[in-house]
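Just so we're on the same page: letters track the sequence lines, and every chain starts at 1. These values consider heavy atoms only, across backbone and side chains, with no hydrogens, waters or symmetry-generated copies.
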Protein chains: 2
Amino acid sequence: MNRREQIFQTSIKLMKNKGYVGTSMRDIASGMSIEAASLYNHIKGKEDILTDNCFELANKFIDSLNTILKSDEKPLDKLHTFISNHVNILVGNMDAAHVFLYEWKHLSEPHYSKFLSMRDEYEQGLRRILKDDESNNNFENSSYKMVVISVLSSLNAIEQWYKPDGEIKVEELCNILSKILINGIKEL
Amino acid sequence: MNRREQIFQTSIKLMKNKGYVGTSMRDIASGMSIEAASLYNHIKGKEDILTDNCFELANKFIDSLNTILKSDEKPLDKLHTFISNHVNILVGNMDAAHVFLYEWKHLSEPHYSKFLSMRDEYEQGLRRILKDDESNNNFENSSYKMVVISVLSSLNAIEQWYKPDGEIKVEELCNILSKILINGIKEL
DNA sequence: CCTACCGATCGGTAGG
DNA sequence: CCTACCGATCGGTAGG
């Protein structure tokens with residue numbers, strides 16, 4: 001891991017606890033036992049950290065979505081794959097996911113707008129998958145936004161409680177969440 | 001509404017968009033067309049705003065919980081009431097709820113610890129209600145934390161998409177969410 | 001409710 | 001990677 005990646009990892013951990021604005025370059029430097037000025041040999045500025053982190057994850061989610069949309073799986077299988085991919089991205093990037101989920105609003109333009117449009121693309125993708133699954137195409141149009149956000153919120157909540165070293169394995173996690181969510185919406 | 005309440009309302013709206021740390025006393029003053037120094041005639045400091053907001057909502061949730069726990073409703077009805085109360089508190093305080101949900105980590109001690117213990121109390125209360133409902137007492141002990149947080153996250157997501165003036169009414173919202181969540185967990 | 005101001009800290013730069 | 005430093009802004013106070 002190079003110096004730049006070390007700075008990112010240190011920053012993300014601090015920002016998870018103190019927020020993006022509440023984490024100073026001196027906090028980050030101190031966490032790496034160097035001076036704040038030295039950070040600028042590896043990154044252009046504080047915003048680099050937030051921007052790179054947010055889009056690295058956003059790209060992973062969008063890549064996953066596009067792979068699913070292009071595949072020839074059956075709709076219900078697509079939904080399973082979507083959930084599984086989403087969970088795996090989160091679990092594989094717990095600290096980064098927290099900053100991605102809760103600090104993106106501090107992105108400056110044009111990143112802010114770009115991020116929002118990627119999030120929208122992702123939500124529309126899940127909506128597409130849900131609509132193609134005929135086992136629940138009987139709920140009203142106005143409910144889709146709610147269902148999509150509810151499902152994503154439940155999945156994203158993993159970041160709040162899941163311990164990668166705990167007793168629950170990732171596969172088990174995917175299975176339980178798939179059951180809860182698919183049962184929940186199929187009879188709407 | 002007195003001056004203090006106006007300051008709170010202005011602050012909460014700003015903090016929803018820019019975060020607690022990212023919102024300065026000068027931002028708040030500017031939003032009220034006064035000088036920053038004048039704010040201190042009505043509040044002791046910036047922390048007042050966050051602390052009061054977080055505990056006002058925390059108390060509403062805990063009060064709702066205690067009323068339900070003391071009632072003699074059947075377990076499944078308690079669950080319905082819990083969901084309905086939770087949704088109504090959120091919908092009745094959309095801006096405040098956002099700050100409550102995402103800015104509490106900037107609380108200083110002893111408020112920070114107090115807040116966490118209240119959140120824990122609320123989660124344990126929902127766990128109690130779920131356990132007493134025999135229609136889903138068949139899922140494993142280790143799943144409760146996950147189920148509790150998933151349910152709360154889905155409910156809290158309302159704050160992200162619900163428009164109080166939109167086509168979906170609060171009662172309808174409670175009904176749909178009850179269905180999704182109770183269907184989702186009953187077959188676990 | 002204001003003017004005037006405080007020490008502390010911010011992100012970042014110059015220069016080595 | 002450091003020392004030394006910049007202008008801007010922070011939360012907050014004194015005094016009226």
What pair of heavy atoms forms the shortest contact from B:A97 to B:L90, and how long is it? CB-CD2, 3.7 Å
Could you pull out the closest heavy-atom pair between B:E123 and B:L152, with the gap in Å? CG-CD1, 3.7 Å
Side-chain N or O of A:S24 less than 4.0 angstrom from OP1 or OP2 on C:dC10? yes
Is the phosphate of C:dC2, meaning OP1 or OP2, less than 4.0 Å from a side-chain N or O of B:S38? yes
May I have the distance from [X] (atom [atom1]) to [N] (atom [atom2]), rounded to whole angstrom?
X	N	atom1	atom2	answer
A:Y40	C:dG12	OH	P	4 Å
A:K44	C:dG11	NZ	P	17 Å
B:K18	D:dT9	NZ	P	12 Å
A:L39	D:dC1	CG	P	9 Å
B:D27	D:dG12	CG	P	14 Å
A:H42	C:dG12	NE2	C1'	16 Å
A:K46	C:dT9	NZ	P	15 Å
A:I28	C:dC10	CD1	C1'	12 Å

Selected nucleotide, minimal atom distance to [X] side chain, candidates [options]:
X	options	value
B:A37	D:dC1, C:dT3, D:dG12	C:dT3
B:M25	C:dG11, D:dC2, D:dG11	D:dG11
A:R26	D:dG11, D:dC1, D:dC5	D:dC5
A:E35	C:dG12, D:dT3, D:dT13	D:dT3

Between B:S154 and A:S154, do the side chains contain an N or O donor and an N or O acceptor separated by less than 3.5 Å? yes
Between B:A36 and A:N41, name the one whose nearest nucleotide on DNA chain D is closer to the 5' end. A:N41
Residues B:K18 and B:D27 bridged, charged N to O under 4.0 Å: yes
Between B:E103 and A:K105, is there a salt bridge with N-O shorter than 4.0 Å? yes
Once you apply the 3.5 Å cut-off to both distances, tell me the Watson-Crick or G-U wobble partner of C:dT3, or none. D:dA14
